[in-house]
Amino acid sequence: MGRFFALLLLPLLLFGGTVKHFKWKDGESFLTFLERKKLPLRVYYNLDKEDQKLTEDIPYSANCQMVVDNKNFIHQILIPVNDELQLQIYLTPKRRYETKVIPIVSEEYTETLYVPIQTIPYDDILKTTGSKNLASIFVKMFKGKVDFRKGLKKGDPIIMVYTQKYRLGKPFSMPEVHGAMVEINGKRVRVYRHSDGRFYDEKGGQYEKFLFKLPMRNPRITSRFTKSRYHPVLHRYRAHLGVDFGARPGTPILSTGEGRVSFAGYSTGYGKTIKIRHDNGLVSLYAHQKAFRKGIHSGMKVKQGEMIGYVGNTGLSSGPHLHFGMYRGSTAIDPLGVMKKKTEGFSGKERRTFIAIRDKMDRKFRKALQEKPIRKPYFDFHETYYVDSQTFKPKPF
Ligand SMILES: [Zn+2]
């Protein structure tokens, strides 16, 4: 098959292929997208159940690419579902469109960002890096700890150490921030990301409060969250963007936290589904329900632990269970990662791990304060536009 793609490339090079970047529209379904692009709908219907479900988790404003020839004929479309898997629609040698879930081959760079304050941290970080994600993570990290409206002076340093993934030469997915520091009136306020993915101060005290609870009494987990897994029997790449709880039909489903119902309706993949938006911006999802609790509607407030519906088997489901999802923006995250933590503070081995992380960050902060590095873009990535269906690697223009 790989050879066929090499052959396919040839006409593109001869007649010129163009890569068009576009963002996945908020609220657009895979089917309406196909209709809009005048692509055959069997591209969707030929997918198996699990892959069809995956199309419902395409994050809005996902950075997608489309390769067209000089007659505007589509040769390939790449749609990232998360930072590990993407949907590839491609033209076969028989000039039929097929879709496949393939891994994303990405590159990672870890950078220390040094920014002297000019206006406010959010704007300064955005201006220097062009990344809204980085700017909002910074603000979130210091929320409740530093009041950026007072005390900040021009020239006070901000430092962030983070890893950013790049796909086809462009940043994608949330940057992973390992640590950040801001100096106010000579006082250095520092925040570190521990191996559990959460942020702590230098003493290991926690900033963020996670108050979510499991959505069921006596929960029994049957499938965990995974961004990408190779299925050795099916020879496919799979993602499971939530946690499954096995339960009898009719078992009550409970809201994981206080919030407002943002969706209560039906979707092809997830069946009868409720989404709840919580105060910290996260959205929880409860799929495959048999029925909603009477009176549940979009816009209403719910309390933590409040019953919202009943376990069922609606949508693309192979047996009664609750599929429980958690989203930051429109990106799926592991719901179990934000559940209420039982222990507070570190001890023993965990404490040693934290101290190692902290000390490593502190060295990076000190180095940045000394060197005051000026940020320069990593590379002039030439436009890559074609992803080989077998090697999953992008090919240069
Ligand atoms: Zn599931």
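Position 1 is the first residue of the sequence, and the numbers go up from there. If you're wondering where the values come from, they're calculated on a predicted model, not measured in any experiment. Read the numbers this way: they start at 1 and go in the same order the structure lists the ligands and their atoms.
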### Query
N/O/S atom of H240 under 2.8 Å from the Zn ion (ligand 1), yes or no?
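A backbone or side-chain N, O or S atom of H240 is under 2.8 Å from the Zn ion (ligand 1).
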### Message
Using 2.8 Å as the threshold, say whether any N, O or S atom from H321 sits that close to the Zn ion (ligand 1).
### Response
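Of the N, O and S atoms in H321, none lies under 2.8 Å from the Zn ion (ligand 1), which means no.
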### Query
With the Zn ion (ligand 1) as the point of reference, which N/O/S atom of D244 is the closest?
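This residue's closest N, O or S atom turns out to be OD1.
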### Query
Tell me, which N, O or S atom in H323 is closest to the Zn ion (ligand 1)?
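Checking each N, O and S atom of H323, the shortest distance to the Zn ion (ligand 1) belongs to ND1.
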### Task
Describe, in one word, how the ring planes of F324 and F245 are oriented to each other, choosing from parallel (under 30°), tilted (30 to 60°) and perpendicular (over 60°).
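Tilted: the ring planes of F324 and F245 meet at 30° to 60°.
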### Task
Give me the ring orientation class for Y109 and Y166: parallel if the planes are under 30° apart, tilted from 30 to 60°, perpendicular past 60°.
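Rings of Y109 and Y166: perpendicular, over 60°.
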### Rounded distance [0.5 Å steps], CG in N82 versus CD1 in I104
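Taking CG in N82 and CD1 in I104, the distance rounds to 6.5 Å.
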### Message
Between N313 and K290, is there a side-chain donor-acceptor contact under 3.5 Å, judged purely by atom types and distance?
### Response
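K290 vs N313: no donor-acceptor pair found between side chains.
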